[in-house]
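Below you'll find the structure, written out as structure tokens, and then a few comments.
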2 protein chains.
Amino acid sequence: MQQKLTIGMLSKQSDVKVETIRYYERSGLLPIPTRSASGYRYYDGEDVKRLRFIRRGRSLGFGLEEIRSLLQLADQPQQPCHEADQLVQAHLAEVDAKIRDLQAIRNVLEQLAGCQSQTAAHCRLLEALEERVCCSTR
Amino acid sequence: MQQKLTIGMLSKQSDVKVETIRYYERSGLLPIPTRSASGYRYYDGEDVKRLRFIRRGRSLGFGLEEIRSLLQLADQPQQPCHEADQLVQAHLAEVDAKIRDLQAIRNVLEQLAGCQSQTAAHCRLLEALEERVCCSTR
DNA sequence: CTTGACCCTGTAGTCACTACAGGGTTTAGC
DNA sequence: GCTAAACCCTGTAGTGACTACAGGGTCAAG
């Protein structure tokens, strides 16, 4: 049951790079693993689970500190998950804000794209950045 | 005409922090300014323009290297702006990709938000991260 | 003449990795 | 038994775009 995985195997099973795994260990997100006589790290199925948990959290855009909190919550199944929900709500609000920001940027860029000007002097983008008013605004 | 601005005044007129101005100078985005006898940097109207150009570029999400290219293009008004348009198009594609990523994240978060579970053991978020299947999916 | 607001340099910290350099270990094939 | 490839180790430095000191010097007002 206690399969011994090297860091490379753990990397493949969790889809997290070897260097990143060591980084997570340094950051205290992963427990300090046992070692072989020659110093190789050994992992087991629990580590795979934990690392996948981290990866999924990251892919949802949570920061490592938020994930640290979530890991603690997950280790205490009796406690209410109010705190986890707060993290979700706060993160959702952040993501929404970022989307809005990017869409505003997107709208401006779209207007600037497709400039065919022969000279930079009349380039839509450069005009916009220099706040010149010329022929760019429609 | 040759108004002498201190870095603090330039900062206010351009809405860029003092430390950031010095950072841009180190990065070669701003020309090396003249100095007072005691070593204070002096700026003029051209610097205000250039710095605002950079700030607007940043607010559209361009990186400093892209802005460096754009500044060069802006300095050569005779040249065609093909390159500037390429930068816009490439950046637009990047922004679109980011928006898509964030919207996918947003959709997941929305489903996870509002969890009222009394115990972390049944928390929607924790289930999702652990890839447990329980009561969360609907 | 002192107080406070400004300015200087240089360095280190942020975030989440990523990329070496310079080694040691294990494994597969011959 | 030997060699080469593929793996592992530590430690440090780099990424982008700032931001935040520490530890000083300068200037203007009252």
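Order of the sequence lines fixes the chain letters, A, B, ..., with proteins taken first and strands second; residue numbering starts at 1 for each chain. Quick note: numbers below take in every heavy atom, side chains included, and nothing from hydrogens, waters or symmetry partners.
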When all nucleic acid strands are considered with a 4.0 Å heavy-atom cut-off, which category describes B:Thr6: base, sugar-phosphate, or nothing? sugar-phosphate
Just wondering, do A:Ile54 and A:Val16 contact through their side chains at under 4.5 Å, heavy atoms? no
Full working for side chain to side chain donor-acceptor pair (under 3.5 Å) between B:Gln103 and B:Asn107: CA-CA 6 Å; B:Gln103 267 164 349; B:Asn107 291 341; over 6 Å; no
For atom CD1 of B:Ile21 and atom P of D:dT19, their distance in whole Å: 12 Å
B:Leu30, B:Tyr42: one ILVMFWY side-chain cluster at the under-4.5 Å cut-off? no
Those residues of residues 52-60 of chain A lying under 4.0 Å from DNA chain D by at least one heavy atom: none
Atom pair distance, as rounded to whole Å: NZ in B:Lys17 and P in D:dA17: 16 Å
I need the CG-P distance between A:Leu29 and C:dC15, as an integer number of Å. 13 Å
B:Tyr24 side chain near D:dA17 phosphate (N/O to OP1/OP2, under 4.0 Å): no
If two hydrophobic side chains count as joined below 4.5 Å and joins carry through other members, does B:Tyr40 share a cluster with B:Leu51? no
Would the number of heavy atoms belonging to other residues, nucleotides or ligands and lying under 6.0 Å from CD of B:Glu83 be above 12? no
Base, sugar-phosphate, or nothing for A:Tyr42, non-hydrogen atoms under 4.0 angstrom? nothing
What's the CD-C1' distance between A:Glu65 and C:dA16, to the nearest Å? 11 Å
Integer-rounded Å distance: C:dT18 P and A:Leu64 CG: 12 Å
Rounded to whole Å, the CE-C1' distance (A:Met9 to C:dT25) equals 15 Å
Pairwise distance CG(A:Leu29) to CZ(A:Arg68) - rounded to 0.5 angstrom: 4.5 Å
Rounded distance (nearest 0.5 Å) linking atom CD of A:Glu25 with atom OG of A:Ser27: 9.5 Å
To the nearest angstrom, the CZ-P distance between A:Arg35 and D:dC8 comes to 12 Å
Using atom CZ of A:Arg22 as one end and atom C1' of D:dA13 as the other, report the distance to the nearest whole Å. 16 Å
Just to confirm, is there a sub-4.0 Å distance from OP1 or OP2 of C:dA16 to any side-chain nitrogen or oxygen of A:Ser27? no
Hey, is the side chain of A:Arg41 poking within less than 4.0 Å of OP1 or OP2 on D:dC7, counting only N and O atoms? no
Go through the N and O atoms of the side chain of A:Tyr40 and the base of C:dG24, and report whether any donor-acceptor pair is under 3.5 Å. yes
Closest to side chain of A:Tyr23, choosing from C:dC8, C:dC17, D:dA17: C:dC17
Which listed nucleotide (C:dT18, D:dC8, D:dC27) is nearest to the side chain of B:Ser38? D:dC27
